Enquirer: 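Quick one: the structure is below, and I'll ask about it shortly.
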Amino acid sequence: MAYYNSSIPTTGGPNDPQPPQLSPEQWAHAYRQFQYQLNPQLPTPPPPPHLPLPGPVIDPALQPSQDTSTDQRLDALEREVELLRAEKRTNPETPAGPSKKRRKKQQKPSLYILRHSTGLSKEQNRVRGQLMKKVKTEGMRLTGRTTEPDSEADDESDSPTTRTPHPVMSYNFAATVEDPINVKIFNRIADLIWTEQHDPKSATFSLAHADVLFTREDLVEFAKTNFRSWKTKWRGKNDPEVAQRQAKAAQKDRQDLRKKELKANRIKAVPEYKKKFKHDPICVLETDWMSDEISGPDTDDEDTKADHRRRLVKAARLGPLQQNDDVWEVVRPGFQSLEMSQTKDDLDKIVKEQRDNKPKRVRGRVTRISFGNTHDRLPAGTIYPFMLSQSWYDEHIEGNEELENEMKMYTKDPKGFGDS
DNA sequence: AACGCTAGCAGGAATGAATG
DNA sequence: CATTCATTCCTGCTAGCGTT
């Protein structure tokens, strides 16, 4: 993607493409599915205790006609299994012996098939999503949850919201996922959906792909994940400290999002910029290096906040009807050199031109105001020499060994920047 | 290996304005 | 009025981290 990543060792930016790698779990999963392919009579991957061994293997050719893609997949799986075995052979810890023990060990990781999404096929992911949705729906029905989180947690005699008159079970959010009550609910959910969906021939079966396997443990795991997410919400409502933490996180999240949008807009202007300046500005467009766009100062002091807001409103020249509109202050990174900020300004100019040229069909954007303030956070990742403001470095970094080490910089500037 | 927590992300909802 | 589109923000899911 970004060309500078390829030539120079970086600290591993967020955009680095990762070569796909199979985890042990995925190996196990592949192996397991292979077993099933060989012996589809096994209706489901049985829970761990008893897994009849491959036993008399059925010639795949004898199986009911399969389309080529299935055949191909089977081939791939065969190869994977071969690799798996090879790996095993070279593993000194598992000497070949009476194989009962060995097998047990091997089965353990395959408790789950769809638990993690990485490495799953498209079909598997589809079914995975369907199952998670079912688990969630069932969980809501069972615990009497609506999409609206009910406000009162400790008040039993709540308002007459006519809810399902079902025998409602309630999660114990104060406890963990191991709490007996919670476990009971997980099992109930898992059993229900397992019964409904594990047999493709049954009338209740409604998954997109009948040949995708899953285990009951998968379902329990989905239910747990669900519970955890609900618990987080519950804690936010019941623990002021947690609420505060979450609010802060949400704010940071919003901030990061704005940076990302800023970057995306500027990226759209890159082709035009290249035409104009004959070099590539993409090196400047790292999310972290975009300006902050803040609604208010990071403080608890109400006066400071109110004052800040007043100044923003004034600078934005809001009309009488717009007094409550959003206004953001742009706070640029202090570390950046003139050349870097100029590059971004040039990009923004193009962005603006392009916006003005388009038929205006957009809602008004939030007004951005700059008071010329900067922040002094260190740049994330590795910057190029031309990006660094010498005076900022002298003032904030120079002499502080820890910070000096934290600043990472390439030795050479990209073409068209700095001296090059 | 499982747990709890969190940052980051994708997808989509909501919003507002111009257009047919 | 419905449609279309860009912008902004929210929700829920996931991976990754540190702990048990």
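Throughout, protein chains are lettered first and strands after them, A, B, ... in sequence-line order, and every chain is numbered starting at 1. Values in this document were obtained by computation on a predicted structure and should not be read as measured data.
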Enquirer: Separation of A:Arg365 atom CZ from C:dT8 atom C1', in whole Å?
Expert: 10 Å

Enquirer: Would you say A:Gln342 and A:Asp346 are linked by a side-chain donor-acceptor pair, where the criterion is simply a distance under 3.5 Å?
Expert: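 Yes, because at least one side-chain N or O of A:Asp346 sits under 3.5 Å from a partner of the opposite role on A:Gln342.
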
Enquirer: Between protein and nucleotides 13-15 of chain B, what N or O pairs are separated by less than 3.5 Å?
Expert:
| unit_1 | atom_1 | unit_2 | atom_2 | d |
| --- | --- | --- | --- | --- |
| B:dT15 | O2 | A:Arg363 | NH1 | 2.9 |

Enquirer: Expressed as a whole number of angstroms, how long is the span from A:Lys224:NZ to C:dG12:C1'?
Expert: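 Atom NZ in A:Lys224 sits about 20 Å away from atom C1' in C:dG12.
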
Enquirer: Would you say A:Arg355 places a side-chain N or O within less than 4.0 Å of OP1 or OP2 belonging to C:dT7?
Expert: yes

Enquirer: Whole-Å distance between B:dA7 P and A:Gln246 CD?
Expert: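 It works out to 10 Å between those atoms.
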
Enquirer: Separation of A:Asp325 atom CG from C:dC9 atom P, in whole Å?
Expert: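 Going from CG in A:Asp325 over to P in C:dC9 covers 12 Å.
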
Enquirer: Rounded to whole Å, please give me the gap between CG in A:Leu257 and P in C:dT7.
Expert: 14 Å

Enquirer: Would you say A:Arg235 places a side-chain N or O within less than 4.0 Å of OP1 or OP2 belonging to B:dG4?
Expert: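 So the side-chain polar atoms of A:Arg235 never come under 4.0 Å of the phosphate oxygens OP1 or OP2 of B:dG4.
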
Enquirer: Please determine if A:Asp256 and A:Lys252 form a salt bridge, counting it only when a charged side-chain N lies under 4.0 Å from a carboxylate O.
Expert: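 Result for this pair is yes, salt bridge flagged.
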
Enquirer: Please determine whether a side-chain nitrogen or oxygen atom of A:Lys248 lies at a distance below 4.0 Å from atom OP1 or OP2 of B:dT6.
Expert: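 Negative; the distance criterion is not met.
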
Enquirer: So does A:Leu114 get a backbone contact from the side chain of A:Arg128, meaning a donor-acceptor N/O pair under 3.5 Å?
Expert: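 Yes; at least one donor-acceptor contact below 3.5 Å.
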
Enquirer: Within a 6.0 Å radius of atom CD on A:Gln244, are there more than 12 heavy atoms belonging to other residues, nucleotides or ligands?
Expert: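 No - once you tally the heavy atoms of other residues, nucleotides and ligands closer than 6.0 Å, there are 12 at most.
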
Enquirer: In whole angstroms, how far is the P atom of B:dC3 from the CZ atom of A:Phe227?
Expert: 11 Å

Enquirer: The side chain of A:Glu221 is closest to which nucleotide in this list: B:dC9, B:dC5, B:dC3?
Expert: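 Of B:dC9, B:dC5, B:dC3, B:dC3 is nearest to the side chain of A:Glu221.
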
Enquirer: Listing time: all N or O pairs from protein to nucleotides 13-20 of chain C that are below 3.5 Å?
Expert:
| unit_1 | atom_1 | unit_2 | atom_2 | d |
| --- | --- | --- | --- | --- |
| C:dT14 | OP1 | A:Arg128 | NH1 | 2.4 |
| C:dA15 | OP1 | A:Ser117 | OG | 3.0 |
| C:dA15 | OP1 | A:Thr118 | N | 3.4 |
| C:dA15 | OP1 | A:Thr118 | OG1 | 3.4 |

Enquirer: Check every atom of C:dT8, C:dT7, B:dG4 against the side chain of A:Thr176 and return the nucleotide holding the closest atom.
Expert: B:dG4

Enquirer: Please lay out, stage by stage, how A:Arg258 and A:Ser295 fare under the test side-chain contact (heavy atoms from CB on, under 4.5 Å).
Expert: CA-CA 11 Å; A:Arg258 290 175 189 169; A:Ser295 319; 3.4 Å; yes

Enquirer: Using a 4.0 Å heavy-atom cut-off, does A:Asp256 contact any base of the nucleic acid, only the sugar-phosphate backbone, or nothing at all?
Expert: sugar-phosphate

Enquirer: Rounded off to whole Å, could you give me the NZ-to-P distance for the A:Lys233 and B:dT6 pair?
Expert: 16 Å

Enquirer: Could you check A:Met290 against A:Glu261 for side-chain contact (heavy atoms from CB on, under 4.5 Å), going step by step and ending with a plain yes or no?
Expert: CA-CA 10 Å; A:Met290 303 297 106; A:Glu261 276 152 12; over 6 Å; no

Enquirer: Of the options A:Gln255, A:Arg332, A:Lys259, which is the one that meets A:Asp292 in a side-chain hydrogen bond (donor to acceptor under 3.5 Å, both in side chains)?
Expert: A:Lys259

Enquirer: What's the CG-P distance between A:Leu262 and C:dT8, to the nearest Å?
Expert: 10 Å

Enquirer: Evaluate the criterion side-chain hydrogen bond (donor to acceptor under 3.5 Å, both in side chains) for residue pair A:Trp392 and A:Asp376; output intermediate values, then yes/no.
Expert: CA-CA 9 Å; A:Trp392 180 85; A:Asp376 292 322; 3.0 Å; yes

Enquirer: Where do A:Phe186 and A:Tyr171 land on the ring pair (Phe, Tyr, Trp, His ring centres under 6.0 Å) test, with the steps shown first?
Expert: CA-CA 10 Å; A:Phe186 299 147; A:Tyr171 274 132; 5.7 Å; yes

Enquirer: What nucleotide, of B:dT6, C:dC9, B:dG4, holds the atom closest to the side chain of A:Arg228?
Expert: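 The listed nucleotide nearest to A:Arg228's side chain is B:dG4.
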
Enquirer: Go through the steps for A:Phe222 and A:Glu138 under the test side-chain contact (heavy atoms from CB on, under 4.5 Å), then give the verdict.
Expert: CA-CA 11 Å; A:Phe222 294 156; A:Glu138 194 54 43; over 6 Å; no

